[in-house]
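Quick notes on the structure that follows.
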Amino acid sequence: MSPTPTQPEALPTDRVLGVPIHLHEDYAGWLGDRVRSGRGAHVVTLNAEMSMLAGREVQLGETIDRAELVIPDGAGVVLYLKLKGKNIRRAPGIETSEALLASLVGTGKAAFFFGGAPGMPDDAAANLTRQYPGLDIVGTQHGYVKPEEMPELLDRLKTLQPAVILVGLGVPRQEYWIAEHRRVCPNAVWIGVGGSFDVWAGVKTRAPKWMGDNHLEWLYRLYCEPWRWRRMLALPKFAIVSLLELAGLRKERT
Ligand code: UDP
């Protein structure tokens, strides 16, 4: 029997510096429906840094254009949309992914974790399974796979056909990898989760809630990982470029 769609195929879309973003109140719920009806999706968790990178790297821009779901992961993206008169709640990728995993419990659907240092996705899986008893994580693979080992990983995925595949290789490596390989599990929801396995494994911590609530998660990240400062210059650049674009003084990505 073919699955009955319970939701529109395409969500309302806006643009952040020319990069698409989908507007919805409950992304995890939308993805849960997608899992239940066996329709796959590539999920991109968009932040300011990634929006800037998409303007420079055509391949990344095109990959995001093709994703079925792009969610507002970063405060910059939310503030940008606010300036355009759109009020949208921030949906951190790590929280959306965790809510989707929690919703798999008792459904007979399983997840697979790919990415992070050796041992990291296993520790993340163990902690999440403790937190959500009944959660089925059918396999894990660290993110430092040699090219000659890749066919074996793809064969595993083909056999296992997990409903949700989380890929934490960093941006844009994870987005390219998903776009290239998602056809091995066409019914799966694939999400690029960055360093989320490190957090679930208990090795890294997220910013305290008050910092997140005050758009200061970037400051916490800079404090914990000061070597990221050069990469994080994308944030003030994003603010300047956004203001110029919204004032009509700069053209958005086309
Ligand atoms: N990583 C990986 N394979 C690689 C490069 C990176 O698995 O070849 C992992 C790394 O161990 C870390 C994650 O990718 O867990 C990147 O985390 P980061 O917070 O830098 O992600 P981003 O900020 O790019 O989303």
Side-chain angles (χ1 to χ4, degrees), residues 16 19 21 42-57 59-61 63-64 67 69-78 90-98 111-128 137 139-150 152-154 156-157 165-181 190-207 211-212 215-235 237-238:
V16 175
V19 179
I21 180 116
H42 176 184
V43 184
V44 170
T45 65
L46 189 72
N47 60 22
E49 217 177 302
M50 202 172 179
S51 316
M52 293 292 288
L53 189 60
R56 296 196 304 275
E57 278 200 25
Q59 186 187 353
L60 180 61
T63 303
I64 302 175
L69 187 67
V70 184
I71 69 174
D73 175 83
V77 167
V78 171
R90 183 168 163 241
I94 187 167
E95 289 174 18
T96 306
S97 303
E98 190 168 326
F112 189 98
F113 290 180
F114 172 39
M120 212 60 85
D122 313 85
D123 290 350
N127 286 342
L128 285 168
I137 299 170
T140 59
Q141 170 60 57
H142 69 71
Y144 295 85
V145 174
K146 296 194 190 94
E148 62 271 24
E149 296 165 345
M150 196 52 88
E152 195 185 320
L153 169 62
L154 295 172
R156 259 177 96 196
L157 287 172
I165 302 169
L166 303 187
V167 182
L169 303 176
V171 175
R173 191 183 276 113
Q174 61 198 20
E175 282 67 35
Y176 295 159
W177 191 84
I178 292 174
E180 189 180 346
H181 298 297
W190 303 70
I191 312 179
V193 294
S196 299
F197 297 134
D198 305 345
V199 175
W200 286 320
V203 169
K204 281 189 190 165
T205 48
R206 291 189 66 205
M211 289 187 99
H215 310 301
L216 291 174
E217 205 151 353
W218 62 271
L219 187 60
Y220 184 77
R221 198 123 201 231
L222 191 59
Y223 167 71
C224 295
E225 303 171 81
W227 57 89
R228 295 177 80 98
W229 70 271
R230 196 184 288 279
R231 223 179 113 173
M232 288 181 71
L233 286 179
L235 301 179
K237 282 189 199 151
F238 173 85

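Note that ligands are numbered from 1 as they come in the structure, with each ligand's atoms numbered from 1 the same way.
- Here the side chain of Y144 pairs no donor or acceptor atom with the backbone of A117 at under 3.5 angstrom.
- Heavy-atom separations between Y144 and ligand 1 include at least one value shorter than 4.0 Å.
- The single protein non-hydrogen atom nearest to atom 23 (O) of ligand 1 is R228 NH2, 2.9 Å, given as residue, atom name and distance.
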query: Between F113 and L128, is a side chain to side chain contact (heavy atoms under 4.5 Å, CB included) present by the stated rule, with each step listed?
result: CA-CA 11 Å; F113 290 180; L128 285 168; 3.6 Å; yes
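- Polar contact with ligand 1: present for G116 (N/O pair, distance under 3.5 Å).
- In the displayed structure, R228 atom CZ is contacted under 6.0 Å by more than 12 heavy atoms of other residues, nucleotides or ligands.
- Atom-to-atom distance recorded for S196:OG and M120:CE is 12.5 Å, nearest 0.5 angstrom.
- Under a 4.0 Å N-O distance rule, the pair R221/E49 does not qualify as a salt bridge.
- Those atoms of ligand 1 with a heavy atom of G195 less than 4.0 angstrom away are 17 (O), 18 (P), 19 (O), 21 (O).
- Atom numbering of ligand 1 starts at 1 in the shown order; those under 4.0 Å from a heavy atom of G115 are 7 (O).
- Distances below 4.0 Å separate heavy atoms of L169 from the following atoms of ligand 1: 1 (N), 2 (C), 3 (N), 5 (C), 6 (C), 7 (O), 14 (O).
- By the 3.5 Å distance cut-off applied to N or O atoms, K204 is not counted among the residues near ligand 1.
- The neighbour count for E225 CD, taken as heavy atoms of other residues, nucleotides or ligands under 6.0 Å away, is above 12.
- Crowding of W218 atom CH2: a count of heavy atoms from other residues, nucleotides or ligands under 6.0 Å not exceeding 12.
- Contact annotation for V171 and ligand 1: heavy atoms of both the backbone and the side chain come within less than 4.0 Å of the ligand.
- Of all the listed residues (M120, E225, R221, M232), R221 holds the heavy atom that lies closest to atom 18 (P) of ligand 1.
- Shortest contact from atom 13 (C) of ligand 1 to any protein heavy atom: G194 O, 3.7 Å.
- Near D198, with a cut-off below 4.0 Å to any heavy atom, the atoms of ligand 1 are 12 (C), 15 (O).
- Contact atoms of ligand 1 toward A117: 11 (O) (distance under 4.0 Å to a heavy atom of the residue).
- A salt bridge is defined here as a Lys NZ or Arg NE, NH1 or NH2 lying under 4.0 Å from an Asp or Glu carboxylate O, and R90 with E217 meets this definition.
- Of the possible polar contacts, one joining the E149 side chain to the K146 backbone as a donor-acceptor pair under 3.5 Å is found.
- Of all protein heavy atoms, the one lying nearest to atom 9 (C) of ligand 1 is G168 O, 3.4 Å.
- One option in R231, E49, R173 has a heavy atom closer to atom 5 (C) of ligand 1 than any other, and that option is R173.
- Ranking the protein heavy atoms by distance from atom 3 (N) of ligand 1 puts G143 O, 2.8 Å first.
- The closest approach between any non-hydrogen atom of H142 and ligand 1 is not below 4.0 Å.
- Side-chain atoms of D198 do not come within 3.5 Å of backbone N or O of K204 as any donor-acceptor pair.
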